[in-house]
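Encoded as structure tokens, the structure appears first; notes follow it.
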Number of protein chains: 2
Amino acid sequence: MPKDTTFPARCETGAASVPMSRRMRIRAATLAEIKTIARNLLSAHGPGGVSLRAIAREMGMTAPALYRYFSSLDDLLLALRAEFFAELSAQITDASGRLPADDVDGRLLAALRAFRSWALANRAEFILLFGPRDEPFTTTEPHCAALQHEKQRFAAIFLSLFNRLLEEGRVPLPDTASFSPELRAQLHLFARDAGFAGANATEGALRVLTACWVRLYGLVCMEVFRSMPFTVGDLEPLFEAELCDVLTSIGVRYRAPHS
Amino acid sequence: MPKDTTFPARCETGAASVPMSRRMRIRAATLAEIKTIARNLLSAHGPGGVSLRAIAREMGMTAPALYRYFSSLDDLLLALRAEFFAELSAQITDASGRLPADDVDGRLLAALRAFRSWALANRAEFILLFGPRDEPFTTTEPHCAALQHEKQRFAAIFLSLFNRLLEEGRVPLPDTASFSPELRAQLHLFARDAGFAGANATEGALRVLTACWVRLYGLVCMEVFRSMPFTVGDLEPLFEAELCDVLTSIGVRYRAPHS
DNA sequence: AACGTTAGCAAACACCGTTAACCATAAAGT
DNA sequence: ACTTTATGGTTAACGGTGTTTGCTAACGTT
């Protein structure tokens, strides 16, 4: 085991106040190049089309050299996933931020539409993020922590928007009396996992949130995976219809996309 | 191209009335053995763990010999998927058939629970069936037709149950006036794809059907893929809650699982 | 008995991830 | 200024993959 040399360029945390010794700079550069080429291969040939040897070939290196930057191919993919979550989050907040801060309805609409748009424009990347994961957890890989962080940031976008709806008391909450104890436990576990806490994170709210997320996630998955009945074509009409139903059910007034 | 020798054992259609010349018999046997071993590898090591060489090794053959039975690895996986759809359909109809024929509610509940149960008991197989497909269509492969057939049979199970609900007029249908023309076209396209026709296949009914399917499909996907927020654990409570909500919304009275 | 089909084989090609040993150079320490 | 160490690259190799080609031996049929 050649120590843990895969994570020394820690200087990308916010401001690059540290001068970043020349060596660190070129290391960060090649590290970025690797990820760039890997991403190109990914979107060009799908997952499975990205290989260390192909990356090395494309940048005039040999495959073993890449092990100075990533401890394995899985580790590279882990790092990529973190970047993709960041990009997805950025795209969503961008689209959402184009609307006035007090227009929660518009921001939610924009955010969810941006989510779908990114997924369709980056199918392979979406599969890597939300597709089936063979191994439950690879906490051992260096870049795993970064992934978890970006995941949380991604979830936080929707959580904060939903939270504002709750604050305004616009979300009709279900009767929690019908909830089984197991369901209650599940919801709390989910809240802890997603980092959703506070006075508004009631069981009813969590139930509504999960229901909404499942519907939209499921639809986008079907579209990207080309799964079951909807094997072809652009599912925007159906997505908009679902969006309308889902948002209406939580007290948000739907607006058609402006285009 | 060595002709199309991969599909001569065509004698499994219904009754094996044809004596099936000795040669055909052993061919069918090895063909079955290949699929069996492939399935074992699949469920043991996940997708990606199934390889021609591993299969050949396990049955004391060499990899190229398998090309006498399948035109490629993808073709083998295609054939496997057809078998899995058949198995899934069988399991669902079994569970559903345990209830009286006039108890549509119970049959629907049982069918959907069986769907989830099979998915969880056969994660890798489910991923192959409903997971992301890289290539849109490989109509060229011999076993593609069989897959499509089994897919239709699978869909037909739920379609017929849903159809009976429609006949009984128990499903509250949405106001189709709010449907956009694009949505309408989408729904009709979906109906044609799934083979859902008849007087009950109205636009409203199609809309309801898709909404229900998306919710349950999405939830099972999240559970099997270990995707987004629900990265761990048994999601049965949440599934039952969703089941209750979904079925209640189409006029079916929910019953807790008898266990 | 003769002949064509079929189902296996070995060899080879082009990939893949990963490890080990090695080496030149850049940085750091004395 | 000289030595030492860490770094980032190399080549060679191991074991794995899908797939193609050519060959052979057995089988089924005529």
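Below, read A as the first sequence line, B as the second, and so on, with proteins coming before strands; counting in each chain starts at 1. Only this structure's heavy atoms are used, side chains among them; waters, hydrogens and symmetry mates stay out. Since the structure is predicted, the reported quantities are computational estimates derived from the model, not experimental observations.
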N-O pairing of B/D74 and B/R133 below 4.0 Å: no
D/dG28 P sits how many Å from B/R23 CZ, rounded? 6 Å
Would you indicate what A/T62 reaches in the nucleic acid, counting non-hydrogen atoms under 4.0 angstrom: base, sugar-phosphate, or nothing? base
For A/I26 and D/dA6, what is the distance between atoms CD1 and C1' respectively, to the nearest whole Å? 13 Å
Could you give the CG-to-P distance, from A/L52 to D/dG16, as a whole number of Å? 19 Å
Would you say the base of D/dG18 and the side-chain of B/R53 have a donor-acceptor pair closer than 3.5 Å? yes
Taking only the side-chain nitrogens and oxygens of B/Y69, find out if one of them lies under 4.0 Å from OP1 or OP2 of C/dG8. yes
Please classify the nucleic acid contact of B/G49 as base, sugar-phosphate, or nothing, using heavy-atom distances under 4.0 Å. nothing
Examine C/dA27: is either OP1 or OP2 under 4.0 Å from a nitrogen or oxygen in the side chain of A/R22? Give yes or no. yes
Does CZ in B/R153 sit with more than 12 non-hydrogen atoms of other residues, nucleotides or ligands closer than 6.0 Å? no
Starting at atom CZ of A/R68, determine the distance to atom C1' of D/dA6, rounded to an integer number of angstrom. 10 Å
Once you round it to whole Å, what is the distance between P of C/dA14 and CG of B/L73? 21 Å
If only side-chain N and O atoms count, and only distance matters, is there a donor-acceptor pair under 3.5 Å linking A/S227 with B/Y217? yes
In whole angstrom, give the distance that lies between atom CG of A/L41 and atom P of C/dC16. 10 Å
The test is salt bridge (charged side-chain N to carboxylate O under 4.0 Å, His left out); show your working for B/E125 and B/R81 and say whether it passes. CA-CA 8 Å; B/E125 290 85 343; B/R81 286 169 64 192; over 6 Å; no
Quick check on DNA chain D: between B/V50 and A/G60, whose nearest nucleotide comes earlier from the 5' end? A/G60
Under 4.0 Å from OP1 or OP2 of C/dA7: is there any side-chain N or O of B/R27 that close? yes
Quickly work out the A/I55 CD1 to C/dC15 C1' distance and round it to whole Å. 15 Å
Determine the contact category for B/A65: base if any of its heavy atoms lies under 4.0 Å from a base atom, sugar-phosphate if only primed atoms, P, OP1 or OP2 are that close, otherwise nothing. sugar-phosphate
Quickly work out the A/L66 CG to C/dT19 P distance and round it to whole Å. 13 Å
Students often mix this up, so state it plainly: with edges at 30° and 60°, are the rings of A/F158 and A/F115 parallel, tilted or perpendicular? perpendicular
Give a yes/no answer on whether the side chain of A/R57 brings an N or O atom under 4.0 Å of OP1 or OP2 in C/dC16. yes
Look at B/Y67 and D/dT19 and indicate whether a side-chain polar atom (N or O) is within less than 4.0 Å of OP1 or OP2. yes
